[in-house]
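Structure first, then comments.
This structure is a prediction, so every number in the text was calculated from the model and none was measured. Letters A, B, ... mirror the listed sequences (proteins, then strands); counts begin at 1.
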2 protein chains.
Amino acid sequence: MQHCYIYMKKLLKNKKIRETSFRLEVLKVLSENENPISMDYLEQSLPKFDRITLYRTIKTFLDKGLIHEVLIAGESKKIALCSVECNEENHIHHLEHVHFFCENCKETFCLEIEKVPTIIIPNHSINSFEIQAKGICQNCK
Amino acid sequence: MQHCYIYMKKLLKNKKIRETSFRLEVLKVLSENENPISMDYLEQSLPKFDRITLYRTIKTFLDKGLIHEVLIAGESKKIALCSVECNEENHIHHLEHVHFFCENCKETFCLEIEKVPTIIIPNHSINSFEIQAKGICQNCK
DNA sequence: ATGTAAATGTAACAATGTTGCATTTAATAA
DNA sequence: TTATTAAATGCAACATTGTTACATTTACAT
Ligand SMILES: [Mn+2]
Ligand SMILES: [Mn+2]
Ligand SMILES: [Zn+2]
Ligand SMILES: [Zn+2]
């Protein structure tokens with residue numbers, strides 16, 4: 001994950017989000033954390049911030065598909081950067097995005113795994129689905 | 001789903017939750033709704049209630065495994081009764097519990113489907129996992 | 001450089017969740 | 001049945017989280 005401003009500015013531009021200094025600060029914190037972070041952690045990581053502007057920033061980032069929510073039962077809501085799309089140098093395919101919560105270190109991870117077999121629910125048409133797994137992470141084993 | 005008080009009282013007893021009139025009222029609303037409901041809906045469905053007691057009731061129900069949370073990205077938190085365990089008369093096996101959000105009628109469903117193939121994440125040990133699907137439900141097709 | 005729509009900061013407010021404590025109640029023992 | 005006791009409740013006061021309105025500032029296209 002790159003943290004430089006040029007990269008972050010490009011991220012905003014790609015998603016048609018106006019570049020402001022505050023949005024770059026928020027994006028910097030998100031970029032520095034590989035794993036999903038809570039609003040609480042985000043606020044503590046920002047040097048100075050206006051609470052209302054932060055809410056609006058998060059809403060904008062969510063609406064424009066720059067970040068996504070990570071909801072694990074019993075855990076506080078977290079957010080994480082969406083993974084970058086394929087480009088000329090780097091193609092990611094046949095991978096399924098899952099959320100993993102480690103019951104030992106309490107950390108939440110966004111993981112890309114080999115595509116799991118299609119889920120079928122009789123008489124329902126599925127447009128998308130999410131998987132949240134709990135267990136013991138790589139580092140804690 | 002049975003709604004009678006004898007059944008609800010048994011539910012509480014089985015989970016070692018003290019029987020009180022307020023808890024029976026909450027349980028009644030949950031029993032009357034097959035699908036997960038929001039706190040907001042629950043509050044509006046209770047004849048009279050104390051907000052603080054309601055929070056504590058929900059916490060107790062969650063802790064004792066009588067209800068479970070249903071978290072869908074972008075939707076408000078919902079709760080639903082846990083399905084009844086197997087007993088002498090009725091055995092349920094090889095079914096996986098999934099949450100389905102209908103993008104048309106905006107309803108959330110708890111569904112039991114044929115067991116999906118095991119999900120494997122390299123170097124992680126999975127104790128449990130949840131699936132949240134979005135699409136069009138049975139009724140809306 | 002200028003115009004304009006978007007973003008920000010301030011304030012006031014609304015909704016949601018928590019804690020302490022005195023009173024009431026349910027479950028248990030006598 | 002009654003007495004005992006730990007749990008649940010209701011109230012108040014508080015803390016956290018999220019929203020709205022509006023005047024000011026800023027980004028960005030012309
Ligand atoms: Mn993720
Ligand atoms: Mn469910
Ligand atoms: Zn871990
Ligand atoms: Zn539907």
Side-chain angles (χ1 to χ4, degrees), chain A residues 5-30 36-79, chain B residues 5-30 36-79:
Chain A
Y5 276 92
I6 292 169
Y7 177 73
M8 298 194 299
K9 287 178 176 189
K10 196 182 286 180
L11 267 184
L12 291 176
K13 197 154 206 171
N14 285 346
K15 298 287 183 177
K16 302 201 196 310
I17 300 168
R18 284 184 169 218
E19 176 195 320
T20 70
S21 58
F22 185 71
R23 284 173 175 175
L24 282 172
E25 282 185 40
V26 173
L27 195 46
K28 183 162 173 283
V29 176
L30 284 163
I37 60 174
S38 63
M39 280 295 281
D40 191 53
Y41 176 89
L42 174 57
E43 291 187 11
Q44 287 175 10
S45 304
L46 288 169
K48 62 157 213 321
F49 74 100
D50 179 74
R51 223 165 44 83
I52 290 86
T53 306
L54 179 55
Y55 281 121
R56 287 189 281 221
T57 299
I58 296 305
K59 187 173 188 313
T60 301
F61 283 7
L62 282 171
D63 291 347
K64 298 291 178 110
L66 181 61
I67 62 174
H68 63 281
E69 291 180 320
V70 181
L71 305 172
I72 305 275
E75 292 297 302
S76 62
K77 179 162 62 173
K78 294 189 174 68
I79 53 172
Chain B
Y5 276 92
I6 293 170
Y7 177 73
M8 297 194 299
K9 288 178 176 190
K10 196 183 285 180
L11 267 183
L12 291 176
K13 197 155 207 171
N14 285 346
K15 297 287 184 177
K16 303 200 194 312
I17 300 168
R18 283 186 170 216
E19 177 195 319
T20 69
S21 58
F22 185 71
R23 284 173 175 175
L24 283 173
E25 281 185 43
V26 174
L27 196 46
K28 183 163 174 285
V29 176
L30 284 163
I37 59 173
S38 64
M39 280 295 282
D40 190 53
Y41 177 89
L42 174 56
E43 292 187 12
Q44 287 176 8
S45 303
L46 288 169
K48 62 156 210 325
F49 75 100
D50 179 74
R51 221 163 45 84
I52 292 86
T53 306
L54 179 56
Y55 281 121
R56 288 190 280 224
T57 299
I58 297 305
K59 187 175 188 311
T60 301
F61 284 6
L62 281 171
D63 290 347
K64 299 289 178 113
L66 180 62
I67 63 174
H68 64 282
E69 291 179 322
V70 180
L71 305 172
I72 305 273
E75 290 297 301
S76 63
K77 178 161 64 173
K78 294 191 174 67
I79 52 171

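Taking only distance into account, the side chain of A:R56 never meets the base of D:dG18 through a donor-acceptor pair shorter than 3.5 Å.
Remark: C1' of C:dT16 and CZ of A:R51 are 13 Å apart, rounded to the nearest angstrom. The separation between B:K59 atom NZ and D:dA8 atom C1' is 14 Å, rounded to whole Å. In this structure, the CZ atom of B:F22 is 17 Å from the C1' atom of C:dT23, given to the nearest Å. Per the geometry, CD1 belonging to A:I17 stands 17 Å off C1' belonging to D:dT26, to the nearest Å. Atom NZ in B:K13 sits about 7 Å away from atom P in C:dA27, given to the nearest Å. Distance, A:K9 NZ to D:dA27 P: 10 Å, rounded to whole Å. Computed from coordinates, the B:Y55 OH to C:dG20 P distance equals 18 Å when rounded to whole Å. Here the P atom of nucleotide C:dT25 and the CG atom of B:D50 are 14 Å apart, to the nearest Å.
The pair A:K13-A:E19 does not meet the salt-bridge criterion, since no charged nitrogen lies less than 4.0 angstrom from a carboxylate oxygen. Ion pair B:R51/B:E43 not flagged as a salt bridge, since none of the NZ, NE, NH1 or NH2 atoms sits closer than 4.0 Å to an Asp/Glu carboxylate oxygen.
Between A:T20 and the phosphate of C:dT8, there is a side-chain N or O to OP1/OP2 separation shorter than 4.0 Å.
The listed nucleotides are C:dA11, D:dC11, C:dA7; the one nearest the side chain of A:I52 is C:dA11. Listed nucleotides C:dT8, C:dA27, D:dC28 differ in distance to B:E19; the shortest reach to its side chain belongs to C:dA27.
Under a 3.5 Å cut-off, the side chain of A:K64 and the backbone N or O of A:K16 do form a donor-acceptor pair. In this structure, the side chain of A:R23 does not engage the main chain of A:T57 through any donor-acceptor pair within 3.5 Å.
Positionally, the nearest nucleotide of DNA chain D for B:R18 lies more toward the 5' end than for the other of B:R18 and B:F49. Toward the 5′ end of DNA chain C lies the nearest nucleotide of B:M39, the other residue of the pair B:M39 and B:S21 mapping further downstream.
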Inset, instruction - Please lay out, stage by stage, how A:R18 and A:L12 fare under the test side chain to side chain contact (heavy atoms under 4.5 Å, CB included). - result: CA-CA 7 Å; A:R18 284 184 169 218; A:L12 291 176; over 6 Å; no
